[in-house]
Participant: 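Below: one structure in structure tokens.
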Amino acid sequence: MEKERKLIITGNWKMNKTVAESLDLANGLVRELKDVTEVDIAVCPPFTALGAVSEVVIDSNIRLGAQNMSENGYGAHTGEIAAGMLKEFSAKYVILGHSERRQYQRESDELVASKAKAAHEAGLKPIVCVGEQLEDREGGRTEEVVGTQIRGSLAGLTTAQMEGTVVAYEPVWAIGTGKTATSAQAQEVHAFIRNLLGDIFDEDTARIVRIQYGGSVKPDNARELMGQADVDGALVGGASLDVKNFSEIILNSI
Ligand code: PEP
């Protein structure tokens, strides 16, 4: 299918996979996906496997990403990882503000915005996640909630930085639950986000930014979701942990 923006499909391995398992998965993906040029592909292993996976994907069409980073540079921040450390592994992307971090680590829009700024300053492309809870959707507050997250989490980015940012719309009720937003529900929110980006930045920027959908994306629903005008890829959790599932999501999306 011909799309206005190149699709970007990212695997978020979350807190899964030992180094040995990560190597198996990465090697399998390199093998299965070596001929894909139509989609930008990235995998985000846990920090402990970044070095090993980096060596496997470095000469392939698969890029590396991390699942989080500090808003600070190097220094006295025990337990944190600086953007510059991710760059050492040739990481290109970093997921920021995932709903699990917003929920369990209490990450705010303001914090996500400072991380996004720091990522760009270090030469990393942030994948900034937004999405409503089930009660927000049922209460008719999806646009209000997602709009607030978009304004807050992207605050302070220049238009050039925004163009190099990926937005991931992930309705929280669809993450890891097996419940996928319908393609119409996804398209509606993606179009809303793009319009809002036009208001905050400008129309050209809004047209360039890629907006991924995330939430129980599987091989059998990928094609329809990716076929929506404003859906420019996927952020995949559970199904990215398996060579066959993640490869099929990508191959079915082309
Ligand atoms: C995610 O965590 O970003 C995600 C979309 O997970 P899943 O695909 O498992 O719903």
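Just so it is clear, the model here is predicted, and its values are computed rather than measured. Start at 1 and go down the list; that is how both ligands and their atoms are numbered.
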Participant: Return the closest protein heavy atom for atom 3 (O) of ligand 1 as residue, atom name and distance.
Facilitator: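 In this structure, atom 3 (O) of ligand 1 has Glu170 OE2, 2.6 Å as its nearest protein heavy atom.
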Participant: Look at Asp202 together with Arg207 and state whether they make a salt bridge at an N to O cut-off of under 4.0 Å.
Facilitator: no
Participant: Side chain, backbone, both or neither: which part of Ile175 has a heavy atom under 4.0 Å from ligand 1?
Facilitator: both
Participant: Hey, which atoms in ligand 1 end up nearer than 4.0 Å to a heavy atom of Asn12?
Facilitator: 2 (O), 3 (O)
Participant: May I ask whether Ala174 has any heavy atom positioned less than 4.0 angstrom from an atom of ligand 1?
Facilitator: yes
Participant: Among Arg5, Lys6, Arg210, whose side-chain hydrogen bond (donor to acceptor under 3.5 Å, both in side chains) with Asp232 holds?
Facilitator: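 Of Arg5, Lys6, Arg210, side-chain hydrogen bond (donor to acceptor under 3.5 Å, both in side chains) with Asp232 is met by Arg5 alone.
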Participant: Could you tell me if the side chain of Ile249 sits less than 4.5 Å from the side chain of Met226, heavy atoms only?
Facilitator: no
Participant: Based purely on interatomic distance, does His98 place a nitrogen or oxygen under 3.5 Å from a nitrogen or oxygen of ligand 1?
Facilitator: yes
Participant: Could you tell me which atoms of ligand 1, counted from 1 in the order shown, lie closer than 4.0 angstrom to a heavy atom of Gly215?
Facilitator: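 So the answer, numbered in order with elements, is 5 (C), 10 (O).
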Participant: Measure the distances from the heavy atoms of Ser216 to every atom of ligand 1 and state whether one is below 4.0 angstrom.
Facilitator: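 Right, Ser216 reaches ligand 1.
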Participant: Which protein non-hydrogen atom lies closest to atom 8 (O) of ligand 1, naming both residue and atom, and how far is it?
Facilitator: Gly237 N, 2.8 Å
Participant: Any side-chain heavy atom of Lys125 sitting closer than 4.5 Å to one from Val166?
Facilitator: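 A side-chain contact under 4.5 Å is absent here.
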Participant: Is Gly176 in polar range of ligand 1, meaning some N or O pair under 3.5 Å apart?
Facilitator: yes
Participant: Closer than 4.0 angstrom, basic N to acidic O: yes or no for Asp24 and Lys17?
Facilitator: no
Participant: Do Glu135 and Trp173 meet the criterion of a side-chain donor-acceptor pair at a distance under 3.5 Å?
Facilitator: no
Participant: Quick test: of every protein heavy atom, which one is nearest to atom 9 (O) of ligand 1, and how far off is it to 0.1 Å?
Facilitator: Gly238 N, 2.8 Å
Participant: Is Asp40 paired with Lys92 through a side-chain N to carboxylate O contact shorter than 4.0 Å?
Facilitator: no
